[in-house]
Amino acid sequence: MSIDYQKLADLLFPQVTDTPETLESRFPARSLPEGAKVTRFAPSPTGFVHFGGLFPVMVGERLAHQSGGVFYLRIEDTDGRREIPGAAEALITTLSQYGIHFDEGAILGSDGKITDVGHYGPYKQSLRSPIYHVYAKQLVAAGLAYPCFSTEEELEAIHNTDKKAEIKSMDWENQATARREEMLARRSFTMEQVEAELAAGHPFVLRLLADGDGEKKLTFTDLVRGKLDMPVNDEDFVLLKSDGIPTYHFAHAVDDHLMGTTHVIRGEEWLPSLPKHLQLFRYLGFKAPKYMHISQIMRLDENGSKKKLSKRDMGANLNDYASMGYCADAVAEYVLTLLNSNYEEWRTANPTLPYTEFPFNIKKMSASGCLFDFNKLNDVSKNVLSRMTADRMYETATAWAATYDRELYDHLTRDPAYAKSIFAIGRGGKKPRKDFTVLRDVKPYLDFFYDDLFTVKDALPEGTDSADVAATFAAFKATYDPADDMNTWFDKVKAIATDLGYAADMKAYKADPTAYRGSVADISAYLRLAVTGRQNAPDLYTVMQLLGRQRTFARLDAFPL
RNA sequence: GGCCCCAUAGUCAAGCGGCUAAGACGUCGCCCUCUCACGGCGAAGGCGUGGGUUCGAUUCCCGCUGGGGUCACCA
């Protein structure tokens, strides 16, 4: 049976008049400096940004911007059934909070609507049908693709593929044979049959005519995994769905070629379909981009086995991190530590540089999947917060509190200078205090600096003689001078200790605790509890400096004995 | 089940034929110290398994085991 493929192409795509050549001239190759990488983030608007999604995003962003290239955003909205209205906008907003900015693509305008920026658009796949159809027609005309009029129901009866649960229990051997036979059957048809189906108004999908021998292997080099062997594609997979919208595979080939993507960075779940893509690029006459398949982030389930971090898991939604109190920089740094094994080393050597200064290196990427580790994230977050200047910490905390803790926000903004001086405690030196793991820790840490938030949380140590406490307060009030420096201040506290029969010297006290009523540590504890309401707080001298004499004394007076 | 990927401590990881097998997080001790937070010192804990190749394997090859992915008109 011989078919006039050009005639078939005209029959299937009568509306297509453009040719691949006209498209090539409409989207010319980019003129970029040698070595510049063009990468993209290509999400489908089906929900929030997944934490795991941040990995390819950051790799793409770093590679592009580090090389003087282009990082663009393309929206893969080819599945109307799964699309969630507003998801694309939300995706962009979330990423911008993470400092991820796109040079071109479907970008959010000031009106909150998505608009195209750049010369390779449209950047929403649903708007690119005419483009895909040009190449679809070309493939049909070349005898490399064909229409299939089987309905979804018919195929499902054979494949039984629409439910994961069924896949697990089905008979694989028979399934494979049935599929092969079905595929062969669909390949043979006559022009008359096609004409009749079209005349009857029956929809069709366009399938690629696979020429590969599934027994043969293809060797391919992935930039993070090295050489890989995969079977050559032998499957007539779908290029265009019955609504004329392309599948991921087809859109990927056409778009990444036309848009000049040099490096495709995606999750490793795409590895098995790589042979399809390579075959498509070959059929289309396109040069394939370089690929980087990134390992999935996992979590530990109840049984101790690894599971893909999925939608419902804690930490899956990127938006959750803000509400948990992690700032975007912390999350980004954590991702970087997982992405490049030498990142932490670099950070230690360069504590103050922004992470964008880090020389990101593909060779330092690991091919094995890793487990999400809150301990590590916490540590990174704690360091990120501790490295900030007081001003920066103030801004970060205030911005966070604006949406997550109005009460804190009101207090911080009431007197910014005061708030900044609180944040300045133990900050800025070589060994800064690390009081905050997340921004949620801010309020409980500094509440005692505000009279209306102050409460006595802790109790005096067991067995404390309240007469000693009262005597301590009286003596302290009699001698305290805000003009004293820290040493003078502490000498006075020691003097109080001595007068009350407490040890002024800790070493002496430890050597013979029975010789004293207590130690200067106890005296400090009395004062600390009254002034801060707790047994643990930053340096008392500084706290009193910030509170001032009047408020300090008021708290000593108000302390219940 | 087929195909594919992965495999160094609880976690992330250096290592790329010869090392007492780095480092970080976590855990536990000790020190510093007015408490806390820092900081310092130290400890426990690892090359999944069986074959090769080699004078010598964590490192190279194969099998096994384990984990993960994938097999749609979803991406």
Side-chain angles (χ1 to χ4, degrees), chain A residues 42-44 46 76-79 81-82 148 150-152 155-156 159 161-163 167-168 170-173 175-176 179 203-207 214 222 225 228-231 235 237-243 245-249 251-252 266-275 293 295-296 298 300 304-308 334 337-338 341-345 347-348 364 366-380 382 386 425-426 429-436 445 490 493-494 497 504 506 519-525 527-529 532 534-541:
Chain A
S44 50
T46 54
E76 311 227 320
D77 54 345
T78 54
D79 185 5
R81 284 183 277 199
R82 294 201 312 153
C148 167
S150 306
T151 65
E152 270 184 82
L155 294 176
E156 243 169 53
H159 287 248
T161 50
D162 72 330
K163 292 200 186 80
I167 287 183
K168 285 197 175 124
M170 69 196 218
D171 181 343
W172 292 97
E173 201 70 21
Q175 210 51 238
R179 291 190 57 159
F204 66 90
V205 300
L206 193 73
R207 286 179 184 276
D222 180 278
R225 283 153 197 277
L228 305 175
D229 285 329
M230 315 221 84
E235 197 185 322
F237 61 93
V238 172
L239 264 22
L240 291 179
K241 298 182 257 187
S242 56
D243 56 5
I245 306 273
T247 56
Y248 170 87
H249 311 298
H252 156 51
R266 44 154 61 154
E268 65 177 342
E269 70 271 22
W270 288 108
L271 224 32
S273 49
L274 189 70
H293 290 91
S295 304
Q296 300 271 280
M298 316 285 258
L300 227 44
S305 62
K306 288 182 179 181
K307 285 280 170 305
K308 188 168 150 181
Y334 174 55
T337 64
L338 294 176
S341 51
N342 57 330
Y343 180 78
E344 284 186 89
E345 195 183 328
R347 174 48 83 199
T348 306
K364 289 287 181 182
S366 168
S368 53
C370 63
L371 239 35
F372 184 89
D373 185 0
F374 261 110
N375 276 330
K376 188 70 185 182
L377 205 215
N378 284 339
D379 183 63
V380 171
K382 185 187 283 188
S386 77
I425 299 173
K430 274 256 183 257
K431 297 168 183 174
R433 292 182 64 93
K434 298 179 181 177
D435 293 300
F436 315 118
Y445 169 82
F490 195 50
V493 174
K494 283 178 176 173
M506 285 307 288
S519 74
V520 66
D522 297 311
I523 299 297
S524 295
L527 291 167
R528 177 172 295 107
L529 187 65
T532 69
R534 61 186 77 175
Q535 291 186 341
N536 300 328
D539 169 60
L540 242 196
Y541 168 79

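So that the names make sense, note that chain A is the first sequence line, chain B the second, and so on, each numbered from 1.
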- [ ] Specify the residue among A:Ala525 and A:Arg225 whose closest nucleotide of RNA chain B lies further upstream toward the 5′ end.
- [x] A:Arg225
TODO: Grab the CD-C1' distance between A:Glu76 and B:A75 for me, whole Å please.
DONE: 7 Å
TODO: Measure the distance from CZ on A:Phe374 to P on B:C12 and round it to the nearest whole Å.
DONE: 15 Å
- [ ] Write down the distance between NZ (A:Lys430) and P (B:G40), rounded to a whole number of angstrom.
- [x] 12 Å
TODO: Select base, sugar-phosphate, or nothing to describe what A:Val205 touches, counting heavy atoms under 4.0 Å on all strands.
DONE: base
Open item on the list: I want to check one thing: is the phosphate of B:C38, taken as OP1 and OP2, less than 4.0 Å away from some side-chain N or O of A:Lys382?
Closed with: yes
- [ ] Among the candidates B:G69, B:C12, B:C25, find the nucleotide nearest to the side-chain atoms of A:Glu269.
- [x] B:G69
Task: Options B:A75, B:C34, B:C12, nucleotide nearest the side-chain atoms of A:Leu371 - done: B:C12
Open item on the list: Heavy atoms only, 4.0 Å cut-off, all strands: where does A:Asn342 land among base, sugar-phosphate and nothing?
Closed with: nothing
Task: Any A:Ser295 side-chain nitrogen or oxygen under 4.0 Å from OP1 or OP2 of B:G68 - done: no
Task: Atom-pair distance (CE on A:Met230; P on B:G2), nearest Å - done: 16 Å
- [ ] Using a cut-off of strictly less than 4.0 Å, decide whether A:Lys241 has a side-chain nitrogen or oxygen near OP1 or OP2 of B:A72.
- [x] no
Open item on the list: Mind checking if A:Leu228 touches a base, just sugar-phosphate, or nothing, with heavy atoms under 4.0 Å?
Closed with: sugar-phosphate
Open item on the list: Without decimals, in angstroms, what is the distance between A:His252 NE2 and B:C74 P?
Closed with: 17 Å
Open item on the list: Please report the distance, rounded to the nearest Å, between CG in A:Asn378 and P in B:G10.
Closed with: 21 Å
TODO: Please work out if A:Ser366 contacts a base, only the sugar-phosphate, or nothing of the nucleic acid, heavy-atom cut-off 4.0 Å.
DONE: sugar-phosphate
Open item on the list: Please report the distance, rounded to the nearest Å, between NZ in A:Lys376 and P in B:A9.
Closed with: 16 Å
- [ ] May I ask you to verify whether the side chain of A:Arg433 and the base of B:C36 hold a donor-acceptor pair under 3.5 Å?
- [x] yes
TODO: Write down the distance separating the C1' atoms in B:U27 and B:C12, rounded off to the nearest Å.
DONE: 16 Å
TODO: Could you work out the separation of B:U65 and B:G26 based on their P atoms and round it to a whole Å?
DONE: 38 Å
Task: Phosphate-side-chain proximity, A:Ser524 and B:U35, N/O vs OP1/OP2 below 4.0 Å - done: no
- [ ] In whole angstrom, give the distance that lies between atom CZ of A:Phe237 and atom C1' of B:C73.
- [x] 13 Å
- [ ] Please work out if A:Tyr541 contacts a base, only the sugar-phosphate, or nothing of the nucleic acid, heavy-atom cut-off 4.0 Å.
- [x] nothing
Open item on the list: Mind checking if A:Pro432 touches a base, just sugar-phosphate, or nothing, with heavy atoms under 4.0 Å?
Closed with: sugar-phosphate
Task: Toward the 5' end of RNA chain B, by each residue's nearest nucleotide, A:Gly369 or A:Asn375 - done: A:Gly369
Open item on the list: Is A:Lys434 close enough to B:G39 that one of its side-chain N or O atoms is under 4.0 Å from OP1 or OP2 there?
Closed with: yes
TODO: Check whether any side-chain nitrogen or oxygen of A:Arg534 sits under 4.0 Å from OP1 or OP2 of B:U35, and answer yes or no.
DONE: no
Open item on the list: OP1 or OP2 of B:C73 versus the side-chain N and O atoms of A:Arg207: is any pair under 4.0 Å?
Closed with: yes
Open item on the list: Roughly how many Å apart are B:A21 and B:U8, using the C1' atom of each and rounding to a whole number?
Closed with: 8 Å
- [ ] Over 60° means perpendicular and under 30° means parallel, so classify the ring planes of A:His249 and A:Phe237, tilted if in between.
- [x] perpendicular
